[in-house]
Amino acid sequence: MTSYLLAIAIQVGILMILTLSLSIQYGMTGLINFGLVAFYALGAYASGLLTVAGWPIAAGIGVAALVGSLASLPLGFIAVRLKAEYLAIVTLGFAELVRLVALNEQWLTRGTTGLGGIPRPFQDQPPIVQAALFLAVVVFLIVVFVLVSRRLTVSPYGRILASIRDNEAAVNAIGKNPSRFKIQIFAIGSAAGAVAGALQAHYIGYVSPDQFVAHVTFMAWMAMILGGTGRVSGALIGAFVIMLFFEGSRFLRDVMPWISEVEMASVRLAAVGLLLILATLYRPQGIVGDYSSR
Amino acid sequence: MILSARDISVSFGGFTAVDGAGIDVAEGAVVGLVGPNGAGKSSLFGAITGYLPASGGTVSLDGVDISRLPAYGRVRRGLGRTFQVPREFTHLSVRDNLSAAVPEQSGETLLKLFGSPSAVRKDEARVRRKVDEVLEIVGLGHVQDLHGGSLSGGQRKLLELGRVLLTDPRVVLLDEPFGGVNPVMIERLSEVIKSLNDRGVAFLIVEHNLAALSRLVGRLYVMDRGKVIAEGAPADVLSLPAVQDAYLGTVA
Amino acid sequence: MSSGQWIANQVLNGLVEGLVVALVALAITLVYAIARFSNAATGDYLTFGAYVTKGAATWTGSLAAGFVAGMVATALLSVFFYGWVFRRLLQRSHVIALVASIGVAFFIRHTMTLFTGHEPFVFDVPIVRAWNINGLLLQPTDVAVAVAGVASLGLVFALLHFTALGRHMRAVADNVDLARSSGIDTDRVMIALWLLIGAIAAIAGTLVGLKSVIHPEMGWDLLLPGFAAAILGGFASPIGAVVGGLVIGLTHELAAPFVGYSYKLAVSFLIILAFLLWRPGGLFGRVEEVR
């Protein structure tokens, strides 16, 4: 039971980091990232490949963050010129592109076979201790991103972010370049997404393209909407509730054993859809935040 | 000339809003810009401040061509502006509205924000002092903790003026500063403008209230249909037949 | 095969693919015109239509009957989600409607896979050898798909331009308030439009199914090309959507040998990107103030 709870806690933690990533991007500047999974994948492959090649895991995670933010830059430069909706479509396309590269560049990613043998930290420890230590790492990184988020909002920097949310034209009139702030925030959020991916890779020990489908992105979106955008605590609570719901659904099979695992997967994903619909209909404050007029 | 705009043209699709208009503002001068609705004043303003793309012409500030700079870049060079409908940050306190406008803050760069918290703290003290000064000038000290959105129309105009002042402008473009403002507040605003002018800030003011404007400006430009049709001392310019035509033509 | 023949073949393939993309883009554009959001569920309407057509065709033994059933069912599905979700989001931000449409997409697709599973289906059409016309290879199914695609586009445009209902639809798409004040029953027209959107998606789904296979991701995979075509077409003009679709289809086929067939989809992405860099507000984006 303990190992099961630890496993769930780790998954919750990774989803929390993903949700924080969206919460930083959308909550702080209104940038819509429908391609979050792309950064998650980039982080997983970056850290996976480097550590397989012998790099230490910590370095792998660090490089993953760097790769995530660097990959976000070209998108960021485009993002600041686009209407919010177009950015949504562009990021959706970017996620598709990254998945295609993961599938087809066999020399790098081993294609559909996937990249195995990714080192897992604390391997010399007994399994429970190993999982507990891994969870500690996850929690530590959550704390880091929460503190980063706080520093970004409660500071002169955050004053400009709030101004951008309020009236972008007026930010130009006080001599500040809104695009600079947006691109930076997009990069920081993307780094968080990549770190989540790196953690997942080291937890499972294996990455393959089928882990990086669109519903990863929208699980995080749902968590953010449930928790309420623009609040760090909201992202954490939302991720927790979502994971509770999905793990809880596992027990459904104990009650209804005639449902197969494949069918259960369909039910879960249909539920993602249903919850997204219900959230937009009945929990508008979760997504509106400061962006009701956009 | 502190500000010099030459041959500015602005068009939207097929419609030419500004057609080769030019305006000069001398160092420390207060200049007015008037004309009937749709004359192209706002578009000219937009082109000078970088808010609208000009299809032709050059803008120079203190002899330096700034035509290719983005709007925020022009502000940094010393070209401030206000908006016809004030664009204060409604969800920020009056103090934060002003603090945001202080240039070159350490706490606005990621490197210093995370790398050197003490420098950020020290810089915040500087920001506080500058904001205190400006609160004094515009007389909004008593409402500094209120949200920008909860101010009266006149107070918003003052707040915007204060915000522009914090960007260390050499010349400020005011877009209808007296529009929708009661006479007492017009008086207040005029005083603030004069006192800033005494400190060497030049102004270019678009305004429909000719009486209030005439008391401030030494020189007046009149625009009609995208072109400057007259310029000179206010009294002389306003008595010109062409100017009277332009005005009466639209009023009647 | 000479390079001329090769190009001719790719162009032909591109046009056929383009017709399908055009239908998707048309459905996206019509939604955008009346509700001002990008409907990410369009692809899954298409998938739904293909599955229903397949099911009904198998049951009745007639592809035509299946086709009609698919169109009717998808039209009803489209109206159902309008009534339940999108109608209530009309007054809210586009982002909310966009997120909701992603929800609708997931909901449709995975409710469907619960019953259909993930194994692909094919239509029972006789396999015919390609016609060879002077080195130009013509697949009879492609010809059928192309004819059906052109015919459906023709019907949609005839409906939009030559009927009273179509005039009302265009009026509503142009300006709902104006349409209402000039006495058009906008609620009815909205329902008619969403029915039409569903039917168009079902046609596209069936055509894709005829060309290749029916599988749960078929619609989602066409979403990106569809968006690309809609963006190229300016997001507001049905004709633009069709032209955009053909352009996307052609570029896919002509670029595929150079970028690799597996990267065909990436071409849509690059087209969107290049186009939006050139025209950040889309084709009909107006000159706006610096934000």
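The chains referred to below are lettered A, B, ... by the order of the sequence lines, with proteins before strands, and numbering in each begins at 1. As a basis for the values below, the full set of heavy atoms in this structure was taken, side chains included, without hydrogen atoms, waters or symmetry mates.
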Nearest-0.5 Å distance, [atom1] of residue [X] to [atom2] of residue [Y]:
X         : Y         : atom1 : atom2 : value
Ile78(A)  : Ile272(C) : CD1   : CD1   : 11.0 Å
Leu276(C) : Leu87(A)  : CG    : CG    : 10.0 Å
Ile28(C)  : Ile89(A)  : CD1   : CD1   : 7.5 Å
Phe275(C) : Tyr86(A)  : CZ    : OH    : 8.0 Å
Ser266(A) : Met112(C) : OG    : CE    : 10.0 Å
Leu97(A)  : Tyr263(C) : CG    : OH    : 7.5 Å

>> Looking at every non-hydrogen atom in both residues, tell me the closest pair between Phe107(C) and Ala270(A) and how far apart they are.
In response: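 So the two residues come closest at CD1-O, 3.5 Å.
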> Can you list the steps and then say if Phe34(A) with Leu98(C) is a side chain to side chain contact (heavy atoms under 4.5 Å, CB included)?
Replying inline: CA-CA 10 Å; Phe34(A) 274 6; Leu98(C) 181 60; 3.7 Å; yes
Close side-chain approach of [X] and [Y], heavy atoms under 4.5 Å:
X         : Y         : value
Val267(A) : His110(C) : no
Glu263(A) : Phe115(C) : no
Phe106(C) : Ile277(A) : no

Chain C contact via [X] - which portion, at a heavy-atom distance below 4.5 Å:
X         : answer
Ala214(A) : both
Val101(A) : both
Leu100(A) : both
Leu275(A) : neither

Name the region of [X], side chain, backbone, both or neither, that has any atom closer than 4.5 Å to a heavy atom of chain A.
X        : result
Leu89(C) : side chain
Phe86(C) : neither
Trp84(C) : both

Shorter than 4.5 Å, heavy atoms on both sides: which option in [options] has the most such pairs with chain A?
options                                    : result
Ser262(C), Ala266(C), Ala40(C)             : Ser262(C)
Leu277(C), Thr113(C), Leu223(C), Ile102(C) : Ile102(C)
Leu270(C), Leu224(C), Leu265(C)            : Leu224(C)

> Using 30° and 60° as the class limits, which term best fits the ring planes of Phe269(C) and Phe94(A): parallel, tilted or perpendicular?
Replying inline: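 Phe269(C) vs Phe94(A) ring planes: tilted.
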>> Are there over 12 heavy-atom neighbours, none belonging to Arg87(C), within less than 6.0 Å of that residue's CZ?
In response: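 Check fails, neighbour count at 12 or below.
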>> So does Thr280(A) get a backbone contact from the side chain of Arg92(C), meaning a donor-acceptor N/O pair under 3.5 Å?
In response: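 Yes; at least one donor-acceptor contact below 3.5 Å.
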